[in-house]
**Student:** 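Sharing a structure with you now.
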Amino acid sequence: MPGGIWVYAEQKDGKLKKVTLELLSAARKIADEQKEELCAVLAGRDVAGLAGTLGEYGADKVYLLQSDALENYTTDGYTSAVTALVREHQPSVFLLGYTVLGRDLAAHVAQRLDTGLFTDCVDVRLEDGQLVFKRPIYAGKAFFEGVCPEARPVMATVRPNVLPVNPPQAGRTAQVIEVSPQPGSIRQIIRDVVRQVSTRPELTEADIIVSGGRGMKGPENFRLLEELADVLGAAVGASRAAVDAGWAPHSMQVGQTGKTVSPTLYIACGISGAIQHLAGMGSSKYIVAINKDPEANIFKVADYGIVGDLFEVVPLLIQEFKKLKEQG
Amino acid sequence: MNIVVMLKQTFDTEARITLDEKGKINREGVSLIINPYDEFAVEEGLRVKEKSKGEVTVVSVGEAQVQEALRQALAMGADKAILVSPGGMEVDEYVTATILARVIGSLQYDLILAGWRAIDDGSAQVAARVAEILGLPMVNMVTRLEVGEGSVLATREIEGGNEVVEVPLPAVVTAQKGLNEPRYPTMRGIMQAKKKPMQKMTLQDLGLDAGQVVPKVRAVKYYLPPPRKPGRIIPGEAAEAASALVRALREEAKII
Ligand SMILES: Cc1cc2nc3c(=O)[nH]c(=O)nc-3n(C[C@H](O)[C@H](O)[C@H](O)COP(=O)(O)OP(=O)(O)OC[C@H]3O[C@@H](n4cnc5c(N)ncnc54)[C@H](O)[C@@H]3O)c2cc1C
Ligand SMILES: Nc1ncnc2c1ncn2[C@@H]1O[C@H](COP(=O)(O)O)[C@@H](O)[C@H]1O
C-alpha cells in the first residue's frame with residue numbers, strides 16, 4: 001500500500017493554524033478517491049495534545065515529531081526531521097500551507113527529495129487519476145495548472161483561507177505514531193524572537209480585513225480603522241503608500257510586494273486601487289471601497305462602493321456595525 | 001568577502017498579461033524589470049562589499065534580453081555578470097536551481113543573496129533549492145543583515161513578529177522588503193557597466209547534460225481569470241450610504 005496522502009500540521013504557540021484544517025479537508029477527499037490513508041505530520045516541542053483535533057478533522061494517522069530541538073522552527077532542524085520521515089514512509093502526496101514556515105520547509109524538503117513543488121495553490125483536484133494543481137501567477141493576472149508526472153511525493157503549498165473546512169467529527173480519532181525526530185545538526189541559531197502582541201487575527205487568515213491607504217492622511221488615523229476592525233473581529237491592512245509613509249509596518253502591507261490575502265470581506269479605505277494593490281487582495285470574496293474620488297480604480301473591482309470622505313463614513317460604519325452587534 | 005546575487009528578470013508589475021496562440025504567457029512587448037526583491041539583494045551585496053572588499057557577481061538563468069537587467073546591476077556597482085541560457089528548453093524551479101547551483105559552485109563565494117520570491121511566475125523555492133544543492137544554510141525573508149567574521153546575523157520576518165538568526169558563512173540569504181533602499185545607477189556607473197564582464201554560458205559550457213535538467217513539473221494550461229463583475233456605488237449622503245452598505249452586507253451578501 002502506498003504511504004498515503006500527507007499534510008503538514010502547522011501549529012503556532014500550541015494552536016493549529018487554520019490552513020491545516022483546510023488542508024486536511026482537501027486531502028481527505030483525495031485520500032478517499034485514491035483509497036489511501038490521510039496522515040498528518042505534527043512537529044514541535046509539546047504538541048501531542050493537538051493530535052485529537054487532527055483526527056476529528058479527518059487524519060487517519062498522526063506522525064508526532066517531538067523534541068526540544070524542534071521547539072522553534074529552524075530550516076535545518078525541520079527539513080531534516082521531515083525529510084527523514086518522508087523517506088521512510090514514501091507518501092504519494094505532501095501538502096503544506098503557503099505560510100512563512102510552510103513555504104520555507106516545503107522548498108527545502110522538495111529539493112532534498114528531488115521532487116516537484118507547486119507553490120501558493122488555490123485548488124487541487126484529481127483528473128484521470130492525476131493530481132492537477134492550480135495556482136495564480138503574475139500576481140493573480142493569470143492562472144497556471146500543472147502536474148508532476150513522475151517524482152514522488154508530489155508536493156504543494158496551499159494558500160490559506162481559500163479551501164473550505166469540513167466540519168469536525170466528534171469522537172473520530174487518529175492513530176498517533178511517535179517518531180524520534182532526526183533534526184541533525186542545526187546551523188541556524190536563533191538569537192532573539194520579537195513578537196508583536198496583537199489580539200487581532202493574522203492578515204492571511206482573517207475573514208474580514210479593514211485596510212487603509214494614503215487617504216488616511218497620517219499614522220494617528222489608523223486608530224479609526226482599528227476601531228472598525230475590532231467591532232468586526234477583523235485584521236488591519238495597509239497599502240504600500242501608507243507603509244512607505246511610515247504609518248504602518250511592512251507586515252501590514254497588502255499587495256504584490258506585501259501579503260496576499262483572500263478574506264470574505266475586504267474594506268478598502270482611502271486606497272486608489274493600483275494594480276499592485278489589487279494583486280494582493282483581488283481574490284477577496286467581497287470588496288468594499290470607500291474613496292472620495294468617484295473615478296478611483298478600486299471602484300472597478302469593488303462589490304459595494306461609497307463615494308465620500310472616509311473620515312465621515314468610517315465612524316458611521318462603526319456605529320452601524322455596533323448597532324447590529326447589539327441586536328445580535 | 002565575495003558575494004553572488006541570483007537575479008531574475010521579471011515582467012513590470014504594471015504589465016498586462018495576455019496569452020499567445022499556443023496558450024502560453026505572451027512575452028512580446030512586455031516591459032521587463034529586475035525582480036524587486038532581487039534589487040534589494042543586489043543593493044545589500046554592494047553594501048557588504050563596500051564594507052569588506054571583494055566582488056559582487058550577479059548570475060541569472062534566462063535568454064538574451066536578461067542582459068539588460070544584468071547591466072543595470074553592473075551599473076549599480078556589481079563587478080561582473082554571468083548569464084546562462086537554457087536554450088529555449090522548458091525549465092521549472094528544479095532545473096533553474098540546478099543550473100544556478102552549477103554556476104555558483106564554480107565561483108568563489110562567502111555569501112549568496114537572492115530575492116525571497118520572484119513576483120512573476122516565481123514560487124519562493126529557487127533560493128532554497130540552490131542552498132540545498134550546495135549544502136549551505138539559509139535564512140529566508142531577511143529585513144536586516146549584519147555580516148561578521150565567518151557568520152551573519154539576519155533579522156527575518158516570521159508570522160506575528162521577527163527573529164534574529166545567526167548562521168555560519170558561506171550561507172544563502174533571501175531579501176524581503178525593508179532590507180534597504182536600492183540605489184539608482186549613476187551616469188558614471190552606467191558608463192562603467194559597459195566595460196564590465198558579462199559572461200554568457202550554455203548548459204554545455206557548464207557540463208550539464210540533458211538528463212540533468214529534466215523538469216519535475218509540467219504545465220498543463222495557462223488561462224486568464226474571468227473579470228470581476230462590476231459592483232455598485234451606494235448612493236446617498238454619508239449616513240444613508242453607511243446604513244445601506246451595512247444592510248447590503250447583511251441581507252444580500254450575508255457575510256455580517
Ligand atoms: C514594484 C512595485 C511594487 C508595489 N507593490 C505594492 C504593494 O504590494 N501594495 C500596494 O498597495 N502598492 C504597491 N505598489 C504601489 C502602487 O503602485 C500604488 O502606488 C499604491 O498602492 C498607492 O497606495 P494608495 O492607494 O494608498 O495611495 P493613492 O494612490 O495616493 O490613493 C489614495 C486614495 O485615497 C483617496 N482619498 C484621499 N483622501 C480621502 C478621504 N478623506 N476619504 C476617502 N478617500 C480619500 C484618494 O481619492 C485616492 O484614491 C507597488 C509599486 C511598484 C512599482
Ligand atoms: N532564472 C533565474 N535566474 C536567477 N535567479 C533566479 C531565477 N529564478 C529565481 N531566481 C532567484 O530565486 C529567487 C526566488 O525565485 P522563485 O523561487 O522563482 O520565486 C529570486 O528572487 C531570484 O533571486
Side-chain angles (χ1 to χ4, degrees), chain A residues 12 75-76 99-100 103-104 107-108 111-112 115-120 132 137-139 141-149 151 187-196 198 202 250-251 256-257 264-265 275-276 286 288 299-308 312-313 316-317 320-321 324, chain B residues 11 13-15 17 25 36 92-94 97 119-121 123-125 128-129 132-133 137-141 153 157-168 177-178 216-225 228 230-234 238-239 241-243 245-246 248-250 253 255-256:
Chain A
K12 190 180 146 207
T75 302
D76 282 352
T99 60
V100 173
R103 59 181 169 245
D104 188 65
H108 286 273
Q111 184 59 34
R112 278 206 201 165
T115 192
L117 167 65
F118 297 97
T119 302
D120 196 15
V132 180
I137 52 173
Y138 296 92
K141 288 184 256 181
F143 285 107
F144 161 96
E145 287 189 0
V147 295
C148 181
R187 292 165 294 184
Q188 292 86 3
I189 304 164
I190 298 179
R191 293 291 183 204
D192 195 14
V193 180
V194 184
R195 289 198 188 282
Q196 286 124 19
S198 170
E202 190 74 50
H250 177 252
S251 58
Q256 192 154 14
T257 48
T264 308
L265 174 61
I275 188 136
Q276 297 93 347
Y286 284 90
V288 166
F299 289 124
K300 295 209 183 100
V301 299
D303 299 276
Y304 301 107
I306 293 182
V307 178
E312 209 182 322
V313 177
L316 288 163
L317 281 177
E320 290 288 335
F321 283 124
L324 224 127
Chain B
F11 282 21
T13 52
E14 300 268 357
I17 305 295
I25 302 293
D92 67 353
E93 297 86 356
Y94 173 84
I119 58 156
D120 51 3
D121 58 350
S123 54
Q125 46 172 300
R129 286 181 181 274
E132 286 295 329
I133 300 170
M138 172 160 136
V139 190
N140 217 340
M141 303 188 85
L153 209 55
E157 207 175 274
I158 54 173
E159 237 147 79
N162 293 293
E163 68 184 10
V164 182
V165 182
E166 185 176 341
V167 283
K177 192 188 164 203
K216 300 287 177 190
V217 301
R218 193 160 50 82
V220 178
K221 69 171 172 182
Y222 295 91
Y223 54 100
L224 305 180
R228 250 189 118 90
R232 65 185 171 91
I233 299 288
I234 298 185
S243 84
L245 169 64
V246 173
L249 290 174
R250 186 176 182 92
I255 48 176
I256 298 290

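Here is the naming used below: chain letters follow the sequence lines, and residue numbers restart at 1 for every chain. Values reported hereafter were calculated over all heavy atoms of this structure, with side chains retained and with hydrogens, waters and symmetry mates removed.
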**Student:** Relative to chain B, which segment of A:D120 carries a heavy atom at a distance below 4.5 Å: side chain, backbone, both, or neither?
**Tutor:** side chain

**Student:** Among the options A:L324, A:T264, A:V132, pick out the one with the most heavy-atom pairs lying under 4.5 Å from chain B.
**Tutor:** A:L324

**Student:** Of the backbone (N, CA, C, O) and the side chain (C-beta and beyond), which part of A:T257 lies under 4.5 Å from a heavy atom of chain B, both, or neither?
**Tutor:** both

**Student:** For chain B, which of A:I306, A:V307, A:V288 has the most heavy-atom pairs under 4.5 Å?
**Tutor:** A:I306

**Student:** Which bit of B:M141 is near chain A, if near means a heavy-atom gap under 4.5 Å: side chain, backbone, both or neither?
**Tutor:** side chain

**Student:** Give the C-alpha distance, both sets of side-chain angles, the deciding distance and a yes or no for side chain to side chain contact (heavy atoms under 4.5 Å, CB included) between B:Y222 and A:I137.
**Tutor:** CA-CA 9 Å; B:Y222 295 91; A:I137 52 173; 3.7 Å; yes

**Student:** Looking at A:G305, A:G146, A:A107, which one has more heavy-atom pairs under 4.5 Å with chain B than the rest?
**Tutor:** A:G305

**Student:** Is it the case that the side chains of B:E159 and A:T99 hold a donor-acceptor pair, with the cut-off being a distance below 3.5 Å and no angle test?
**Tutor:** no

**Student:** For residues B:V217 and A:C148, report the shortest heavy-atom separation together with the two atoms involved.
**Tutor:** CG1-CB, 4.2 Å

**Student:** Under 4.5 Å from any heavy atom of chain B, what part of A:I275 do you find: side chain, backbone, both or neither?
**Tutor:** side chain

**Student:** With distance as the sole test, does A:Q111 use its side chain to make a donor-acceptor pair with the main-chain N or O of B:Y94 at under 3.5 Å?
**Tutor:** no

**Student:** Counting heavy-atom pairs closer than 4.5 Å to chain B, which one of A:K12, A:R195, A:Q196 comes out on top?
**Tutor:** A:Q196

**Student:** What are the two closest non-hydrogen atoms of A:V100 and B:E157, and how far apart are they?
**Tutor:** CG1-O, 3.6 Å

**Student:** Any sub-3.5 Å donor-acceptor pair from B:R228's side-chain atoms to A:V301's backbone N or O?
**Tutor:** yes

**Student:** Side chain of B:Q125, backbone of A:T119: donor and acceptor closer than 3.5 Å?
**Tutor:** no

